[in-house]
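See below for the structure under consideration.
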Amino acid sequence: MRLEPFDTQRHMVFSRRATVFGGGASLLFLGLGARLYQLQINEHDNYQALAEDNRFNQKIIMPLRGEIFDRFGKAVATSRQNFQVLMVPEDAGDVERVLREVADVLELDQKELARIRKDAARQRSFTPVSIADNISWDQFARLNFLAPRLPGLRSEVAATRDYPLGPSGAFVVGYVGAPNERDLDQAESEETRLLLRQPGFRIGRAGIERRFDEKLRGEAGSVTVQINAHGRVIEEYPNLADQPVQGQPIGLTIDAELQEQVSKILAATNDDANRNTDHHEMSASAVVMDVHSGDILVYASVPAFDPNEFNIGIKQSRWKELNESELKPMLNKPIGGAYPPGSTFKLITAIAAQEEGIEPSHKVTCRGSLWYGGVEFNCWKKEGHGRLDMRGAIKQSCDVYFWDLAQRIDIDKLAEVARRFGLGNIHDIGLGGQVAGTIPSREWKKKYYRSNPAQQTWFPGETLSVAIGQGAPTTTPLQLAVMTSRLATGREVHPRLVRYLDGQSQPIPDFAPLPMDLQELEVVRSGMDAVVNEWGTAARSRLEKPEWRMAGKTGTSQVRSLQYDPVTGRRLKNYELPWKERDHALFVSYAPYENPRYAVAVVVEHGSSGSGTAGPKARDIMRAVLTKDPAKIATYAPKPGDFKTVLDKRQKREG
Amino acid sequence: MSGVILPDRRYGLGLLDAWREINWPLIMLLTLIAGAGVATLYSVAGGSWSPWAANHILRYGIALMALFICGFVPLRYWLALAYPAYFFVLFLLVLVPFIGEVSMGAQRWIVLGPVRVQPSELMKVALILALARYYHGLEFKRVSNPIFLVPPLLLIAMPVVLIFKQPDLGTALMVAASGVAVILLAGLSWRVTIVGVIAAFVGAVTAIKMGLLKAYQIKRLTAFMDPESDPLGSGYHLTQSKIALGSGGLAGKGFMEGTQSQLQFLPEKHTDFIFTIFGEEFGFIGAMVLLALYFAVFITAANIAMQAKSHFGRLLAMGLAISFILYVLINTGMVMGLAPVVGVPLPLVSYGGTVMLTVMVSFGLVMSTWINRDQDTLRTASTVSSL
């Protein structure tokens, strides 16, 4: 056998190249080893952590929102069962068929169906898609009846917020809504953000719900679940569950029962006193305070929206209707409505006058008008009141008398007294949207005309209209109630709306006496008594029982300058004007006169007359309050376990 | 002379002599690797012999017998069978689109009696056989002659195009690479090689431009560079694979303790991604041992190639060794994020009958090369005596 020369050559080339391949493979193996070292040794900790994440996940268990209850333990914001329908596309098979049947029962429109299809397409097919929320029990029952024919359909009962008082509690309790992008941005921790993202989670949007949102929110629980790569839960570990903690209960000073009664009284149009009106719907508010504790027993504003509508999701048209109504159902009138106080401000003027050295016995003769600076100021009673002292002037609400006083009082003194009685101040009771109103003073005018120095000087003549509560001064019904409480007790009463917080009843504050000669209050109280009980301006608001003897003061504040008939020159009556141009009607009162306990302030927007509209409502309110006498009834404080609800266990039913 | 013709190692051996010549270290290495496969498959199934581990043993047993049979077939018969075998497998490949079964979106299987085979796997061996046969009979001075480069390129191109059409990009590329390796081993001049590489590159770019590659194929090819870009899409497998490997650490989580495998985070964990499970459970140490075993197999086969005296045997054994190690490198590189995610199994460890058979048959051929290493011309004894 002879070896061909080319054989040798090709053998040599082969050996060389085989060696090159072998060397290359060796290098590549070294590279693999290095990579393994990097992954398994260098970056081990990192991947170890990722592997743990892969294996376990935390599923959030939503906390129940804290309950809000009234002074006697009646729930005003609570959780109720929310019937939900979900669909698991994977189990449904023919999704369209299931949707058709469900749409029939739930009356879903095309927009809703499109949303469901979009959700279903976006998620993994074993993830439930929400079909409808807050469906009625009837619909829920019908779906469960159809369930055997509708695979993949699942009905669940979850918790949702409920407001048993409806509109009458709207402005106190507020409402909740779904968190928006801003809430997510503001969330301080990733955990909070996660909770906010849970479907069905709500945060406080208004009222107590908003102010105490964090306390009401509670703490989310979590359960450890094992998942696979697709996110499908393989197993839950209930033993590793971190139970959610319900938000804390909050107790209000409100008496829910009275609150509803007062709302009805305010809304009533068929009042006998309304003979001068055309029975226009009422836009009114009232605050009832316990003058000892400052507890706001009633905080009513009509008309009002139903907070339940906001929780479920309000329709655009309804939202527009609420915002455009001339009755302002979205306005929180007791703190957000600023009205000229009218004659109720004369009580402040009377005190300021005494502090300027004018005795209550100071007498003025009213001939129906007063000339000042070449202008005739007309008293509300053209014929004049005759000769009056301070008590009589309050009783008759004589403008001329208070104009006389106004000429002897410095405006800053008047403003100081007004603030001492709570006017023009913010009273923090836990509600947002409060306005301070206006108490005119030299400083105020300077600020008001800061761009126009020529207008900044205070003219004594301007004090005249302030003294009778017309023009620039504005106050809120809450401020009027505070003023009345302070007049009645001589103490610096502060209003409060929350009496049970952080697991304990808040102590009843011991209010300090007002820093003044309390003797000055006597003529005011006696005058207010006379207003109601001695045929004064509110004689028809007198209460029938002697022990209910109520002291009060009417107020009628002009919305615009007086209107005259173009032909006869006669001043037009309120009922002859469009509703929006009629005077506001006010009434402040307290009772019982001898031993004051309750203060009531009522403002009826465009109610024409304090004595005709606001007075009778205040009387009815006071009658209701005195009949029940809530201050005498023991308040409620929750005991541990009181707020365990049936919803603790999420009821789940396979549909 | 006594008239008794003594068996001459240069012309062929009897069965008994062949048995004595068996390269036992190679058999042992292969069995150890397959054993690692059985253990991993047992673990992946959650500690169960079914559905994979028991079958794997059975298949290895059958494939080992195939190895012996192929090893005992004299190398000169393989020389003679090279072209027929190649064209038979090519015929099967042509048949795939017509009678093939669809699996994972690709047609790869055909049913031959009781067994389902992937002709593309068989082609890995058949192509190397055919190319070794071609260069065995080609004068060295003609190797770099472009005219004589046409037949081997055709031999490579025909199956590669067919496999690519199935579509099975990974196997197509691997088959092509093994074929090119044999041409290089045969001594193709580097000048021609460089021209070829440039032509191949231009061809590949054109193929992509013309849309010959499906979107998912391009995605899979590029995902390994930035798996986090699409964590739930094509980069997903890779991310999960790296997590499993990385969490294994130095010593691993222990046999059957791999959390990622138990929780089904890994796709195709019993086939293409099985190295990940092994690395998770046995750690850096275990993975390095397995890689060392593979390397030892390669070195053994390469050594056999170097010791063979026939050009056919040398090209055959070395070509098969390179093909084998290419699979190991691509598969492990793939699960570690160093290579594109192409459907390449890990030889002997991944579950799959055809791959097992192909690998063992190819080592049967290597064994035959070993047993017949002293034959240089691969002519029969009678032919020799007639000279």
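Every chain is numbered from 1 and lettered A, B, ... according to where its sequence line falls, protein lines coming before strand lines.
Atom CD of A/Glu43 and atom OG of B/Ser247 lie 12.5 Å apart (nearest 0.5 Å). Here the CH2-CZ distance, from B/Trp190 to A/Arg17, works out to 4.5 Å after rounding to the nearest 0.5 Å. Taking CD1 of B/Ile285 as the reference point, atom CD of A/Gln40 lies at 9.5 Å (rounded to 0.5 Å).
Ranking B/Leu329, B/Leu250, B/Thr332 against chain A, the residue ahead of the rest is B/Leu329, based on heavy-atom pairs under 4.5 Å. Counting heavy-atom pairs closer than 4.5 Å to chain A, the top-ranked of the candidates B/Val143, B/Ile325, B/Leu245 is B/Leu245. Chosen from A/Leu36, A/Val20, A/Val13, the residue pairing most often with chain B at heavy-atom distances under 4.5 Å is A/Leu36. Listed options A/Leu32, A/Leu28, A/Asp45, A/Thr19 were ranked by heavy-atom pairs under 4.5 angstrom with chain B; first place goes to A/Leu32. Ranked by heavy-atom pairs under 4.5 Å with chain A, the list B/Ile299, B/Val328, B/Leu184, B/Leu315 is led by B/Leu184. Taking chain A as the reference chain and counting heavy-atom pairs below 4.5 Å, the highest number among B/Gly283, B/Ala302, B/Ala321, B/Gly252 is found for B/Gly283. Heavy-atom pairs under 4.5 Å with chain B were tallied for A/Gly24, A/Ser26, A/Gly22; the largest tally goes to A/Ser26.
At a 4.5 Å heavy-atom cutoff, the contact between B/Ala287 and chain A is made by backbone and side-chain atoms alike. Heavy atoms of B/Ala292 lying under 4.5 Å from chain A are absent altogether. Heavy-atom distances place both the backbone and the side chain of B/Leu291 under 4.5 Å from chain A. For a residue to count as touching a neighbouring chain, one of its non-hydrogen atoms must lie under 4.5 Å from one of that chain's; by this rule B/Phe298 touches chain A with the side chain only.
By the 4.5 Å heavy-atom criterion applied to side chains, A/Leu39 and B/Lys242 are counted as neighbours. Between B/His136 and A/Arg10 there is a side-chain heavy-atom pair separated by less than 4.5 Å.
Looking only at distances, a side-chain donor or acceptor of B/Arg314 sits under 3.5 Å from a matching main-chain atom of A/His11.
A perpendicular orientation is assigned to the rings of A/Phe14 and B/His311, their planes being inclined by more than 60° (bins at 30° and 60°).
Summarising the local packing, CD of A/Glu219 is surrounded by 12 or fewer heavy atoms from other residues, nucleotides or ligands at distances under 6.0 Å.
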